[in-house]
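These notes concern the structure reproduced below.
For the single chain, residues carry numbers from 1 onward in sequence order.
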Amino acid sequence: MTYQQAGRIAILKRVAGWIIFLVALLSTLISVLSFMFKHSEKKPGIDAVMLDFVHVMIDMIRFNTHFLDIFWLNSPVPEFQGAANIGFWIIYILIFVGLALEASGARMWRQSRHIKEGIEDQLILEQAKGSEGRTRAQLEEKINVPHHTILLQIFPLYILPVVVIVIGYFVFSLLGFI
């Protein structure tokens, strides 16, 4: 793959990564809000005030975001007390796949820019040699840019999902949803 092709692929990876990330993040947030709305029933004590506040805030968010109705109607509502949540977890994992795809595209973009600048620097040196110097085409044909996989993005793909799950567990425990 040439560095020009790597640059184009990098742009596509970054755009696809951002689209996947944003759609999955919206769906996951709306799923979690729907879960909280569904489980904010009346309880005695101080929890009742907090849960009523959560219930009203989520209802207000839903009322004021009609442009997100496709997510409000179709996002899977998780049940953390035993029921299967395959759809919710797949969408949750897509958040981090999108982040890893964007990070991989950013790395490819940086490498293609660095290679382009290196070729231009080398071309100046080759022109100084006169007729013995190599042309741009000769320099470019020797360069082979490796493919980048998203599976090598360790932090966004493997560590960050676990950290977010642990934080979410503690937050839901404090709010009394789990």
Side-chain angles (χ1 to χ4, degrees), residues 5-111 146-178:
Q5 291 171 334
R8 286 186 222 112
I9 290 172
I11 291 170
L12 289 175
K13 275 186 168 183
R14 291 184 82 177
V15 169
W18 277 111
I19 290 171
I20 291 170
F21 169 74
L22 290 175
V23 169
L25 181 68
L26 275 173
S27 181
T28 302
L29 287 177
I30 288 175
S31 294
V32 169
L33 289 175
S34 296
F35 169 79
M36 292 171 66
F37 186 80
K38 184 177 176 183
H39 289 85
S40 62
E41 69 272 351
K42 299 282 185 190
K43 290 184 179 179
I46 192 70
D47 287 347
V49 175
M50 187 169 41
L51 290 177
D52 281 344
F53 177 73
V54 168
H55 193 82
V56 169
M57 291 304 293
I58 293 171
D59 198 30
M60 190 170 51
I61 291 170
R62 185 174 184 166
F63 179 76
N64 289 319
T65 56
H66 288 293
F67 58 93
L68 295 176
D69 275 347
I70 191 164
F71 292 107
W72 284 106
L73 298 174
N74 297 317
S75 292
V77 178
E79 285 297 329
F80 298 116
Q81 300 297 334
N85 297 312
I86 300 298
F88 172 77
W89 291 113
I90 288 172
I91 293 171
Y92 173 75
I93 292 299
L94 282 176
I95 292 172
F96 303 103
V97 169
L99 283 174
L101 193 62
E102 196 281 329
S104 175
R107 183 172 182 207
M108 281 182 74
W109 176 258
R110 283 191 305 272
Q111 283 184 343
H147 291 279
H148 292 279
T149 178
I150 66 168
L151 299 176
L152 297 176
Q153 304 299 323
I154 303 296
F155 182 75
L157 200 56
Y158 304 113
I159 297 172
L160 192 59
V162 175
V163 170
V164 172
I165 287 173
V166 169
I167 291 171
Y169 176 77
F170 284 121
V171 169
F172 278 168
S173 294
L174 288 175
L175 292 174
F177 289 112
I178 294 180

Interatomic distance, Leu33 atom CG to Phe71 atom CZ [nearest 0.5 angstrom]: 13.0 Å
Distance from Thr28 atom OG1 to Ile95 atom CD1, nearest 0.5 Å? 3.5 Å
Nearest-0.5 Å distance that lies between atom CZ in Arg62 and atom CG in Asp69: 7.5 Å
Under the side chain to side chain contact (heavy atoms under 4.5 Å, CB included) criterion, do Leu12 and Arg8 qualify, and how do the steps go? CA-CA 6 Å; Leu12 289 175; Arg8 286 186 222 112; 5.7 Å; no
Specify the closest pair of heavy atoms between Ile91 and Ala24, including all atoms of both residues, with the distance to one decimal. O-CB, 3.4 Å
Determine, step by step, whether Lys13 and Arg107 satisfy the side chain to side chain contact (heavy atoms under 4.5 Å, CB included) criterion, reporting the C-alpha distance in whole Å, the side-chain angles of both residues, the deciding distance to 0.1 Å, and the verdict. CA-CA 10 Å; Lys13 275 186 168 183; Arg107 183 172 182 207; over 6 Å; no
Shortest non-hydrogen contact between Val54 and Met36, atoms and distance: CG1-CE, 3.8 Å
Least distance between heavy atoms, Met108 atom then Ala10 atom: CB-CB, 3.6 Å
Check whether any side-chain heavy atom of Ile165 sits under 4.5 Å from a side-chain heavy atom of Trp89, and report yes or no. yes
Given 3.5 Å as the limit, does a donor-acceptor pair link the side chain of Ser75 with the main chain of Ser31, or not? no
How about Phe35 and Phe172: are their ring centroids closer than 6.0 Å? yes
Let me know which of Leu29, Ile30, Ile61 forms a side-chain contact (heavy atoms from CB on, under 4.5 Å) with Leu68. Ile30
Any side-chain to backbone donor/acceptor pair from Ser27 onto Val23? Under 3.5 Å, distance only. no
Crowded around Phe67 CZ? As in, over 12 foreign heavy atoms under 6.0 Å? yes
Is it the case that the side chain of Tyr158 and the backbone of Gln153 share a donor-acceptor pair, with hydrogens and angles ignored and the cut-off at 3.5 Å? no
Could you check whether the rings of Tyr92 and Phe88 sit parallel, tilted or perpendicular, using 30° and 60° as the cut-offs? parallel
Value rounded to 0.5 Å, distance of CG in Asn85 from CD1 in Ile90: 11.0 Å
For Arg14, does the CZ atom sit with more than 12 other heavy atoms under 6.0 Å from it, leaving out its own atoms? yes
If you count heavy atoms of other groups shown closer than 6.0 angstrom to CD1 of Ile70, is the number above 12? no
Spatial distance of atom CD1 (Ile150) from atom CG (Leu99) [nearest 0.5 Å]: 10.5 Å
Within this structure, what is the CG-CG distance for the pair Leu94 and Leu22, rounded to the nearest 0.5 Å? 12.5 Å
